[in-house]
Amino acid sequence: MPPHQSRRTMIADLKGRGPKSAVLCGYIRRIRQTKSTTFVVLHDRSGTIQVVADPALIKGAGLRAESALEVEGLAREDPRAPGGIEFDAAEIRVLNQAADDLPFNSVSRLDDLSPELVINYRPLAMRTERGGAIFQIEAALAQGFRAALIKRGFTEIFSSKIVANATEGGTNLFPIRYFDRAAYLAQSPQLYKEYGVAAFERVFETAHVYRAEPHASSRHLCEYYSLDLEMGFIEGVRDLIELEREILSEIFAEIRARFDKALALFDAYLPELDGAPTWTFDDCLARLRAAHGRDDLTDDLDPAAERQLCAIAEKECGVAAVFVTAFPLASRPFYTHPAADGAHAEGFDLLLRGVEVTTGGKRLHRRADLDAALQSRGINRSGFENHLRMFDFGMPPHGGLAIGLERLTCQVLGLKNIREATAYPRDLNRLQP
RNA sequence: GGGGUCGUAGUUCAGCCCGGUUAGAACGCCGGCCUGUCACGUCGGAAGUCGUGGGUUCAAAUCCCAUCGGCCCCGCCA
């Protein structure tokens with residue numbers, strides 16, 4: 001432990017230890033004054049405690065919520081204190097005074113504030129119980145993804161986010177200047193994941209990806225965090241669906257256990273995905289026609305259909321999630337492996353609680369097939385020569401999937417806007433903080 | 001990108017339709033009082049270029065036009 005921390009005791013370590021003199025460091029959550037006593041609710045990363053101080057001790061110190069303090073004193077049990085333990089302050093040092101015009105504080109309800117304000121003051125918002133839990137749970141989801149895959153023999157890769165070509169389609173990339181050449185921010189690690197398969201069979205990457213689509217919606221960002229995996233020697237899309245079922249169930253179980261208390265602050269939903277059905281795109285259309293009389297969908301689902309399908313799945317199978325397979329091939333990227341009928345894709349989406357959180361599928365693994373796919377889509381093959389070469393050394397049959405981390409966090413916690421699960425969102429208008 | 005809606009103290013809002021005294025409230029902030037609070041209570045105070053620019057009018061937070069921004073829905077996707 002570094003010397004400057006050696007005197008400090010974490011608040012959580014005071015519980016059940018009897019009277020103990022200590023130095024606490026933390027933030028003020030609340031101040032309550034009476035004539036004889038001032039109560040300061042002090043919070044550190046481990047917990048919260050009521051500090052009891054003589055008014056003379058803090059007279060003129062101008063204590064305010066959110067200020068950073070160091071408090072020296074004695075912890076003791078007291079039935080009058082919240083939590084049964086409190087801290088008698090002998091000395092209080094203000095390490096940094098908070099401003100007197102903060103728009104909210106760490107005990108505010110973020111729901112009562114404008115979303116914009118919450119983003120502009122993100123670190124302060126994260127100091128609230130609920131606002132902090134969102135990002136701790138998001139971190140746990142990403143960490144759970146990595147742990148589940150490492151356990152299954154996947155190797156983590158770190159691909160460049162500066163690329164020369166589009167991987168999915170050419171219209172939605174952010175162009176950047178790379179010295180005297182044109183380059184783009186990567187919209188997906190797709191091609192690099194496939195190279196990873198050629199080397200390691202199973203790889204994953206978690207990183208930001210960039211989409212220059214000027215959409216204004218509650219579930220899109222120009223920069224989002226993608227949980228990506230790719231695996232070799234698969235037989236079909238079922239291998240991928242079963243893998244995702246397993247790892248998500250595993251991650252959700254871990255989060256239910258670890259964030260037991262925090263989850264109560266949300267409309268949380270972390271189901272076992274064993275029961276989630278797998279329906280083909282045509283099955284879905286039939287169900288939507290039967291349940292909602294819809295006959296307006298042809299090549300893709302719309303947001304209303306995604307909500308309706310999850311509701312149907314919940315009713316039929318008890319889980320508000322659906323794996324949708326066999327989308328029409330034309331709506332999928334060039335590297336998509338067709339299903340046996342040639343018209344549909346050997347791919348899938350996972351709809352969770354009404355929103356698409358995953359897209360995955362089997363990829364073309366033979367150079368000639370990729371070449372033909374590029375040609376039939378009218379994509380200029382000259383930029384892909386180097387890419388196609390990577391398929392010349394025994395690229396196995398393979399496939400993979402990508403989960404949008406912020407979307408997953410939203411769906412799991414019942415958040416309404418993806419910006420709630422994005423610390424520093426990038427959208428059409430926002431570039432700061 | 002299309003449609004809808006909103007922008008007034010630090011914050012959340014009322015006022016706008018039907019233009020007219022010093023633009024209000026709650027919370028927060030500052031100060032006083034209060035034998036231990038725990039959303040403490042209580043008394044007082046400070047705090048607003050009414051998003052921005054233009055127009056109509058004797059007079060604009062209020063009406064008109066433009067512009068910028070927020071939120072919701074759609075398109076598209078993770």
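Sequence lines set the chain letters: A, B, ... in the order given, protein chains first and strands last, and positions in each chain run from 1. This one's a predicted model, so the numbers in the text were calculated from it and none came from an experiment.
Looking at residues 274-287 of chain A, you'll see that no heavy atom sits under 4.0 Å from any atom of RNA chain B. Only at 4.0 angstrom or more do the heavy atoms of residues 241-248 of chain A sit from any atom of RNA chain B, so none qualifies.
Between the side chains of A:Thr422 and A:Glu406, not a single donor N or O lies within less than 3.5 Å of an accepting N or O. Under the 3.5 Å distance criterion, with hydrogens and angles disregarded, a donor-acceptor pair is assigned to the side chains of A:Lys161 and A:Ser159. Between the side chains of A:Asp44 and A:Ser46, at least one donor-acceptor pair of N or O atoms lies under 3.5 Å. Side-chain contact annotation: A:Thr155 with A:Arg202, donor-acceptor N/O pair under 3.5 Å absent. In this model, no donor atom of one side chain and acceptor atom of the other lie less than 3.5 Å apart for A:His220 and A:Glu213. For the residue pair A:Glu246/A:Ser249, the side-chain donor-acceptor check at 3.5 Å is not satisfied. Of the N and O atoms on the side chains of A:Glu223 and A:Tyr210, at least one donor lies less than 3.5 Å from an acceptor on the other residue.
Separating the C1' atom of B:C29 from that of B:U12 is a span of 15 Å, rounded to the nearest Å. Spacing of P atoms, B:C6 relative to B:A46, comes out at 34 Å, to the nearest Å. B:A47 sits 10 Å from B:C30 when the C1' atoms are compared, rounded to a whole Å. A distance of about 32 Å separates the C1' atoms of B:G45 and B:A59, rounded to the whole Å. Taking atom C1' on both nucleotides, B:C27 is separated from B:U35 by 28 Å, rounded to a whole Å. Only the P atoms considered, B:U62 is 12 Å distant from B:G19, to the nearest whole Å. Taking atom P in both B:G69 and B:U52, the straight-line distance is 15 Å, to the nearest Å. Across B:C16 and B:U11, the matching P atoms stand 23 Å from one another, rounded to whole Å.
For A:Pro103, the side-chain atoms get nearest to B:G10 when compared with the rest of B:G36, B:A78, B:G10.
Exactly one residue among A:Phe174, A:Tyr224, A:Tyr225 makes a ring-ring contact (aromatic ring centres under 6.0 Å, His included) with A:His208. That residue is A:Tyr225.
Residues meeting the salt bridge (charged side-chain N to carboxylate O under 4.0 Å, His left out) test with A:Asp101, sequence neighbours left out: none.
Heavy atoms of A:Thr358 sit under 4.0 angstrom from primed sugar atoms or phosphate atoms, though from no base atom. Counting any heavy atom pair closer than 4.0 Å across all strands shown, A:Leu117 reaches sugar-phosphate atoms only and no base atom. Across all strands, A:Glu66 comes closer than 4.0 Å to no nucleic acid atom at all (heavy-atom distances). Base engagement by A:Glu86 is indicated by at least one non-hydrogen atom pair under 4.0 Å involving a base atom. The residue A:Ile403 sits apart from the nucleic acid: no heavy atom pair falls under 4.0 Å. At the heavy-atom level, A:Gln50 lies under 4.0 Å from base atoms of the strands shown.
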What N/O pairs connect the protein and nucleotides 69-74 of chain B at under 3.5 Å? Give each pair on its own line.
residue, atom, partner, partner atom, Å
B:G69, OP1, A:Asn429, OD1, 3.3
B:G70, OP2, A:Asn429, ND2, 2.8
B:C72, OP1, A:Asn417, ND2, 2.7
B:C72, OP2, A:Asn417, ND2, 2.8
B:C73, OP2, A:Ser218, OG, 3.0
B:C73, N4, A:Ala216, O, 3.3
B:C74, OP1, A:Arg307, NH2, 2.9
B:C74, N4, A:Ala216, O, 2.8

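The residue among A:Phe39 and A:Val355 whose nearest nucleotide of RNA chain B lies closer to the 5′ end is A:Phe39. For A:Leu405 and A:Asp88, each mapped to the nucleotide of RNA chain B holding its nearest heavy atom, the one lying further toward the 5' end belongs to A:Asp88.
Distance check: A:Leu149 CG to A:Leu243 CG gives 6.5 Å after rounding to the nearest 0.5 Å.
In this structure, A:Lys15 places its NZ atom where more than 12 heavy-atom neighbours from other residues, nucleotides or ligands lie under 6.0 Å away. Within a 6.0 Å sphere centred on CD of A:Glu70, heavy atoms belonging to other residues, nucleotides or ligands number more than 12.
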Would you give a per-nucleotide map of nucleotides 27-34 of chain B, 5' to 3', where B means the base has a protein non-hydrogen atom under 4.0 Å away, S means only the sugar-phosphate does, and - means neither?
-> --SS-S-B
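Distance A:Tyr224 OH to B:A78 P: 6 Å, rounded to the nearest Å. Rounding to whole angstrom units, CG of residue A:Leu301 and P of B:C77 are separated by 11 Å. Rounded to a whole Å, the CG atom of A:Asp299 is 13 Å from the C1' atom of B:C77. Atom pair A:Phe327:CZ and B:A78:C1' shows a separation of 13 Å (rounding to whole Å applied). In this structure, CZ of A:Phe348 is placed 11 Å from P of B:A78, rounded to the nearest angstrom.
For A:Tyr269 and A:Phe252, the distance between ring centers is not under 6.0 angstrom.
Aromatic ring orientation, A:His387 versus A:Tyr195: tilted (interplanar angle from 30° to 60°).
Minimum interatomic distance between A:Glu116 and A:Arg430 (heavy atoms only, all atoms of both residues): CG-NH2, 3.4 Å.
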Nucleotide pairing, RNA chain B (Watson-Crick or G-U, distances under 3.5 Å), in dot-bracket with [ ] and | | (((((((..((((......[...)))).(((((.......))))).....(((((..]....))))))))))))....
